[in-house]
Amino acid sequence: MANIGVNELLFLLQGLKWTIALAAIGFVGGGIFGLGVALMRVSTHAVLWRSGAAYIAVFQGTPLLMQLFVVYYGIGLLGVNVDAWIAVAIAFTLHASAFLGEIWRGGIQSVPKGQTEAGKALGLHYVSRMKDVILPQALKISLPATIGFLVQLVKGTSLAAIVGFVELSRAGQIVSNQTFRPLMVFAIIGAIYFALCWPLSLWGASMERRLAKAAR
Amino acid sequence: MPNNQSGSEQALIALEGVEKWYGAFHALKNINLSVRKGEKIVLCGPSGSGKSTLIRCINRLEDIQKGRIVVEGVTLDDTGKTVDAIRREVGMVFQSFNLFPHMTIMENCMLAPMRVRAMSKADARAVATRYLGKVRIGDQADKYPAQLSGGQQQRAAIARALCMEPKVMLFDEPTSALDPEMVKEVLDTMIGLARDGMTMICVTHEMGFARQVADRVIFMTAGEVIEEARPDEFFRNPRHDRTKAFLGEILAHH
Amino acid sequence: MPNNQSGSEQALIALEGVEKWYGAFHALKNINLSVRKGEKIVLCGPSGSGKSTLIRCINRLEDIQKGRIVVEGVTLDDTGKTVDAIRREVGMVFQSFNLFPHMTIMENCMLAPMRVRAMSKADARAVATRYLGKVRIGDQADKYPAQLSGGQQQRAAIARALCMEPKVMLFDEPTSALDPEMVKEVLDTMIGLARDGMTMICVTHEMGFARQVADRVIFMTAGEVIEEARPDEFFRNPRHDRTKAFLGEILAHH
Amino acid sequence: MGYVLDFSVVYQRLPELLLAALSTVGLAVAGMSLATLIGILGVLTRTSKSRILRIPTIAFVEVIRNTPFLVQIFFIFFALPQFGIRLNPTATAIIALAVNGGAYAIEIIRGGVESIGKGQIEAGFALGLHKGQVFRHIVLKPAFRAIYPSLTSQFIMLTLTTSVCTSIAAYELTSVAQRIESDTFRSFEVYFSITLIYLAISGLMMTLFSAISRLLFSYPVR
Amino acid sequence: GTLEQAKAAGKVVIGIQGDNAPWGFVNSSGVQDGLDADIGRAFAKELGVEVEFVPLAVANRIPSLVTGKVDVLFATMGMTAERAKSIQYSKPYAGNVLSVYGPKTTKIADYKDLAGLTIGVPKSSAMDTSITAGVGDKATILRFDDDAATIQALLAGQVQVVGGNQFYGDRLDAASAGTYDTKFDLKTLYNGAGTRLGEKDWNEAVNAFLDKIMANGEYAKIYAKWMKREVPKFPESMPDIPYTVM
Ligand SMILES: Nc1ncnc2c1ncn2[C@@H]1O[C@H](COP(=O)(O)OP(=O)(O)OP(=O)(O)O)[C@@H](O)[C@H]1O
Ligand SMILES: Nc1ncnc2c1ncn2[C@@H]1O[C@H](COP(=O)(O)OP(=O)(O)OP(=O)(O)O)[C@@H](O)[C@H]1O
Ligand SMILES: [Mg+2]
Ligand SMILES: [Mg+2]
């Protein structure tokens, strides 16, 4: 029965490395596909926005843990061997894109209709209208919510333990089961997460204030 | 009203038997209108009569259910191609400006020329500078819309539309969001444009403006055009009772 | 301008040496004003001259840094009690209506009588019905604000203020958000109120209205009252150059 | 692969799973209701002029939002007894969910409150209403309408978060599923099934949320 | 893959618990350690291949085996008839005396004394199964994620007794010397290695390996190192739990 010493702390920091890598994967994948989902959701094409809505309902409505499980082991059951990294990338992308898609849909829809109309009246085609006019404004509006989600995603990476990643939380559990000091271990883990997430939250809040000031 | 104008000048815009429904609501009823190059039309009528709807149909911000809209020989149909072609030739100025808040005035003006006309940055800047000068806000080019007064914003919106060098300009109550003192500067800008020979369709209740520049005043009510006349005639001798009542009220408390 | 009126009628509202700063910006400069019961004051002046600020100070939506405001004998100080007392006696109608979107017109009107005057539901409904009828939108009582036209909304806002049966009504450009046809119905409603003897302070640029009902017209610029006169005198013979210039522009393009 | 899916195990113990699902719904609903309450009260203290109210609220929100739920629930269950507060797993779960959801709710609802036009509040004051009355009658409903979508999706997340409560031995869907799994080693069958049950629960919640929205927020706006 | 494939690749992939000392755990240098790890290493040596450990949690042991992500499980898997329907057990290779632990001051001698108490157990454990069967709904059973949480619950007073394995006594003493003791034994649970149902090659290889190390004394050394106890006597057969593929 070990005590919590330097070794244990280093072990936790090893976990932290994975936590950050996993969050980054989720955010990049979720960002790219989330944009697609958001655009589907604001499309005037019924088939597109219905599929967008169904996508969001399914992947917001099931626990991330189960998504990871199904992607990693469920597909494995079909005889396809999925690499843990790929499983994590897929599951986090599904999860994050559903949430980001919904957040960004809100952002896009809160850009006044007049902006789209002005773009159209100037002859701008769809891509330019989205890229130059709507998305920059939508992103600004949804930035605080986006950062809020990123923080939740950082914490959500703990679930990747199910496919074998020894990230921060799992490392904590392992240390806790060696030292039998779960309270102390989880207090340390909480502090590490806080140190990771708080700057993000602060950045989001300052962004929110800047936006509030910019809007007259 | 098939196109039986003097013939020397072809109609730049022609609406033939246009009908528009919003769901069950009949918003435009058998609209026939033809506008020659250089002509200035003022559109007025009570609230909800379909003025905005009409001009929004011309550049296809609304679709129509029946009839035909032809702009410079191109008939608007459901293909993106004709819509694009027409929007390139038709500029529009909204009541609420609709400037892009995240771009400076200069960037607002350069965007469409660069993206739609594939102009180089330098060329787009030159064009923008010219038109911003024309509406006399050249010195505001590097500000953001929120830093401008209402009148300046509206003039920037006019410049932005002009940068596409459209054949026609559509104005939808361009002064009604402005306070009394700012109305004048925008009207002056529009009068300047009219003098330069721009073809214009303008929804407005500024009767002084109508008197001064309009070739024709068109009065709508309940989705129909019920009166169409030269301004002097229109003000002096309106034919319909509805027009008389409306004019009475508009002129009364001024 | 200490209260040297004929004396038979005490001042209902008195402002004495009022000064107001927004940070470093001096928004109101030495304002002295006294309004007798039943008097109708029209306040005008260029944008940013402090008209809104002035009437907002009267019911303490803004605080003042110097001077004194007395309403019905109560001197506004920093205690909640005098603020409450005064707000009960002073109704206000905003330019942008500010109806509560989640309540029907009836509920909008009943809220304050029930919560502030502790009226029963039935009594509040009776009062609301009476005033909604008075502004001639009794039939709209069960609609939500968004379902009404601008003119109707503005009249609902007037009715809502009247339901508190205030001694004074403050109007802040109550018609400027309306389209030309709706202006008339709101002005008619206000003229009706004026005839019933309501004490009113009204910020407006509707000069027809000023001519018709105002006892006094007050002209502000840059935070100061620079002219104060009976309407006929004010329009016929403005003393200050600034007033002349302003009147010139306001009346020009109408 | 030789593995043959056999859902009969799950089917036999479906009543157990459904009962646990009910408990999950119960935890979620209780958590959400309290979270909403915390959210509303928290907004008042968060936007209060008094620093004594405002600073602790901000600290509360930041600590909760930036630490994992697992840590929070561990703290309540294992550490609070040292201070003489001993709560059973169900109570712990509900309080942890309420606290976690409440911190998010405070920030979300604050966004809604701040989106209410100044004119609305001034109109309330001009009618003679007090601050509390203005908040209660004028601000609250439109504020909720404005942020309803973000609040409800946060609540869907909260519903799924109930599964973490299994770590303090609370009775809910995931814990029962894990028991069935350990009895039978039928992991796939059990996890596939509870994924569907969770999907059904969140689908139900979303339906309920939109019904509530139709009921409360159906007034027209422009 | 098959045994042949593993030999050809020169590597056997062994699933093992990551946080269950002293059976299988990752030590603070990040290396897999414990009884299961040593036996796993010996198994690989026997096959003449490298070993690769995959540290698993309770929830993904079976999925990892079934989907072929590991070849064999040495993952502290208590042998029960119900579970034997889903995986192929080998012969038992470890024993585990399960007991009820509680404060010295409470007198508990058997299941009926547990009535009315709040009992903590690690979930998915045989203690859970035994106690649940033994007291039914006469007591409140709280099922925790792991041993650490179970023990913490007892220390925090959230439960009155716990069902634990043979190491709980040491741990409780370390945390609070002289406060807790063993109340009564529930049963002895035997652990077997797990392989996929129907795969004769792996099962036979494991059984042959176990026979060999038990005969040559290597096993006893490993057992003594981690369990600090006598090697128990393993049953020759258990009802409904076949040791071999039939
Ligand atoms: N999207 C829509 N759906 C249904 N009805 C609509 C829609 N847009 C406009 N309408 C209705 O069509 C009619 C004409 O509207 P339009 O905006 O063209 O009027 P307008 O003449 O421009 O009025 P105003 O002077 O108030 O701007 C109105 O009665 C309006 O209620
Ligand atoms: N909250 C504020 N902070 C700083 N300056 C302010 C604030 N509110 C108003 N002002 C300034 O005070 C001056 C008077 O404003 P006020 O709104 O009273 O003008 P107004 O006469 O009502 O103008 P308008 O006709 O445009 O409504 C303006 O110059 C304005 O910029
Ligand atoms: Mg219009
Ligand atoms: Mg004002």
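Note on naming: letters A, B, ... go to the chains in the order of the sequence lines (proteins, then strands), and numbering restarts at 1 for each one.
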Side chains of D/Glu122 and C/Met92 in contact at under 4.5 Å (non-hydrogen atoms): no
Nearest-0.5 Å distance that lies between atom [atom1] in [X] and atom [atom2] in [Y]:
X        : Y        : atom1 : atom2 : answer
C/Met114 : D/Leu129 : CE    : CG    : 11.5 Å
D/Gln120 : C/Phe94  : CD    : CZ    : 9.5 Å
D/Ile138 : C/Leu111 : CD1   : CG    : 5.5 Å

Winner by heavy-atom pair count (cut-off under 4.5 Å) against chain D, out of C/Ala112, C/Ala157, C/Cys163: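 Option with the greatest count: C/Ala112.
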Evaluate the side chain to side chain donor-acceptor pair (under 3.5 Å) criterion for residues C/His102 and D/Arg145: first the C-alpha distance (whole Å), next the side-chain angles of each, then the deciding distance (0.1 Å), finally the verdict. CA-CA 10 Å; C/His102 58 299; D/Arg145 179 185 167 126; over 6 Å; no
Give, as side chain, backbone, both or neither, the part of D/Lys118 having an atom under 4.5 angstrom from any heavy atom of chain C. side chain
Please state whether the side chain, the backbone, both or neither of [X] comes within less than 4.5 Å of a heavy atom of chain D.
X        : answer
C/Phe100 : both
C/Val90  : backbone
C/Leu99  : backbone
C/Arg56  : side chain

Nearest heavy-atom neighbours spanning D/Val221 and C/Pro101: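 For D/Val221 versus C/Pro101, the nearest heavy atoms are CG1-CB, 4.4 Å.
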Who pairs with D/Arg86 by salt bridge (charged side-chain N to carboxylate O under 4.0 Å, His left out), at least two apart in sequence or on another chain?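 With neighbours one apart ignored, the set is empty.
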Among D/Gly124, D/Gly128, D/Ser218, D/Gly117, which has the most heavy-atom pairs under 4.5 Å with chain C? D/Gly128
With side chain to side chain contact (heavy atoms under 4.5 Å, CB included) as the test, would you mind laying out the steps for C/Arg87 and D/Leu127 before giving the verdict? CA-CA 6 Å; C/Arg87 283 184 182 154; D/Leu127 284 169; over 6 Å; no
Could you check whether any side-chain N or O of C/Asn59 sits under 3.5 Å from a backbone N or O of D/Ala126, counting only pairs where one atom can act as donor and the other as acceptor?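 The answer is no, because no donor-acceptor pair under 3.5 Å joins these two groups.
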Look only at the side chain of C/Gln147 and the backbone of D/Pro220, and say whether a donor-acceptor pair between them is shorter than 3.5 Å.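 Judged by distance alone, no pair lies under 3.5 Å.
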Test side chain to side chain contact (heavy atoms under 4.5 Å, CB included) on C/Met103 and D/His137 and set out the steps. CA-CA 10 Å; C/Met103 303 179 184; D/His137 297 289; 4.3 Å; yes
Would you say that more than 12 heavy atoms from the other residues, nucleotides or ligands in this model lie under 6.0 Å from the CZ of D/Arg136, or not? no
